[in-house]
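In what follows, a single structure is set out as structure tokens and then discussed.
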There are 2 protein chains.
Amino acid sequence: MISQKAKYALRALVALARRPAGKPTFISEIAETQNIPKKFLEQILLDLKHHGLVASRRGKAGGYGLLRPADTISFGEVLRIVDGPIAPLPCLSKIAYRRCEDCKDEASCEVRRVFAQVADATRGVLDRTTIADALEARLPARLRDAVA
Amino acid sequence: MISQKAKYALRALVALARRPAGKPTFISEIAETQNIPKKFLEQILLDLKHHGLVASRRGKAGGYGLLRPADTISFGEVLRIVDGPIAPLPCLSKIAYRRCEDCKDEASCEVRRVFAQVADATRGVLDRTTIADALEARLPARLRDAVA
DNA sequence: ACTTACTCTACAGGGACAATATAGTTTCAA
DNA sequence: TTGAAACTATATTGTCCCTGTAGAGTAAGT
């Protein structure tokens, strides 16, 4: 299960991607159209800004906008920012590897071996799918076929 | 991330699968060889018993054993028992569907559409991999190739 | 100035997770 | 028949994280 926060973040980015680039969008507008608590959304967008995904302008004509093109922002990147590692086990994370305390030998760990497959499959989708992809009604072929 | 409890459950089942069927294994033995807190493992095995995966015998010569052949117990089944739904969003769960409160139209939800792919990929591995598969050093071809 | 909007920090309530504790019950064997 | 070993069951505890809320501050346009 991904967190509510991650879901909000992705929905907000999708909403921003629909807007003409260059013109900032109010937090309040996104909050209303996407059903997201405004104060919570503020935190989320601020976080995304600190990670360079969006930019903001303050004041009366302020708001948020995408800082990078939508087709360069992957779902995986957003999830890692908001929820942390994607890997199902700490010992399988690329960005935050941690040995499992209990687990005598990592190389021979059966559970790890199986979940490595899960991690690959998951990353295969999340790191290849961008916000721009999400906008299109039909997913691009490379994603439709990858799973089957 | 899967829970510690799920990892323990899977490791315990793998350990049981290695033993000759019919002869029960002590909880304490599994706990020691697998580095699992004994009392915690008791709860977990009891839970698995209630779901029909393992059987137990009480008393001095008691212990636990697999109730079903190892190649009929999938990782997915175990995870669902211990951790609940596998789906990354409540609205994608097969065993515990729940509409997302915020989310105006499920059919057109971009986030949902992408995570449906993730769910398929994940289930593809977890529901096809059994405890017996995990025992083998090399994963069966159907799993190795599925991801690539 | 005044309003509007973003920025930042702090914190609170609830629930899940990972055990631990305690009190049984069953079985076998000496 | 008594004791020890092993499973059964429920309750409780401490910690952490998730989901927000609150409030004061800063910047920009009019």
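Chain naming here is simple, since letters A, B, ... match the order of the sequence lines and numbering starts at 1 in each.
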Taking the side chain as everything from C-beta on, heavy atoms only, tell me whether [X] gets closer than 4.5 Å to [Y].
X: Tyr97(B); Y: Pro85(B); value: no
X: Lys5(A); Y: Ile44(A); value: yes
X: Thr130(A); Y: Phe75(A); value: no
X: Val111(B); Y: Leu89(B); value: yes

On DNA chain D, check which nucleotide each of Gly62(B) and Phe40(A) is closest to and give me the residue with the more 5' one.
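Its nucleotide being nearer the 5' end, the pick is Gly62(B).
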Taking for each residue the nucleotide of DNA chain D bearing the nearest heavy atom, is the 5' side occupied by Leu46(B) or by Asp83(A)?
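Final value for this comparison: Leu46(B).
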Atom-pair distance ([atom1] on [X]; [atom2] on [N]), nearest Å:
X: Leu48(B); N: dT8(D); atom1: CG; atom2: C1'; value: 15 Å
X: Asn35(A); N: dT19(D); atom1: CG; atom2: P; value: 16 Å
X: Ile44(A); N: dC6(C); atom1: CD1; atom2: C1'; value: 15 Å
X: Glu29(A); N: dT4(C); atom1: CD; atom2: P; value: 17 Å
X: Leu41(B); N: dA6(D); atom1: CG; atom2: P; value: 14 Å
X: Ile27(B); N: dA9(D); atom1: CD1; atom2: C1'; value: 12 Å
X: Asp47(A); N: dT7(C); atom1: CG; atom2: C1'; value: 13 Å

Assign Leu45(A) to base, sugar-phosphate, or nothing according to its heavy-atom contacts below 4.0 angstrom with the strands shown.
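No contact.
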Under 4.0 Å, heavy atoms only, any strand: does Lys38(B) hit a base, just the sugar-phosphate, or nothing?
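Here Lys38(B) touches no strand at all.
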The criterion is side chain to side chain donor-acceptor pair (under 3.5 Å); which residues satisfy it with Ser28(A), sequence neighbours excluded?
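Ser28(A) satisfies side chain to side chain donor-acceptor pair (under 3.5 Å) with no residue once adjacent residues are dropped.
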How would nucleotides 22-30 of chain C be written as a contact map, 5' to 3', with B for base contact, S for sugar-phosphate-only contact and - for no contact, using protein heavy atoms under 4.0 Å?
BB-BBBS--
Looking at residues 1-12 of chain A, who's got a heavy atom less than 4.0 Å off DNA chain C?
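Output list: empty, so none.
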Does atom CZ of Arg68(A) have more than 12 heavy-atom neighbours from other groups under 6.0 Å away?
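More than 12 heavy atoms, drawn from other residues, nucleotides or ligands, come within 6.0 Å of this atom.
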Using the side-chain contact (heavy atoms from CB on, under 4.5 Å) rule, take Leu45(A) and Ile27(A) through it: C-alpha gap first, then chi angles, then the decisive distance, then the call.
CA-CA 8 Å; Leu45(A) 287 174; Ile27(A) 289 183; 3.8 Å; yes
Side chain of Gln43(B) - closest among dT21(D), dT20(C), dC6(C)
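The nucleotide sitting nearest to the side chain is dT20(C).
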For the side chain of His50(A), starting at C-beta, report the closest nucleotide among dA5(C), dC8(C), dT7(C).
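That would be dC8(C).
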Chi angles and distances behind the salt bridge (charged side-chain N to carboxylate O under 4.0 Å, His left out) call for Lys49(B), Glu42(B)
CA-CA 10 Å; Lys49(B) 175 186 172 181; Glu42(B) 285 179 3; over 6 Å; no
Closer than 4.0 angstrom, basic N to acidic O: yes or no for Arg113(B) and Glu106(B)?
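No, no charged N to carboxylate O under 4.0 Å.
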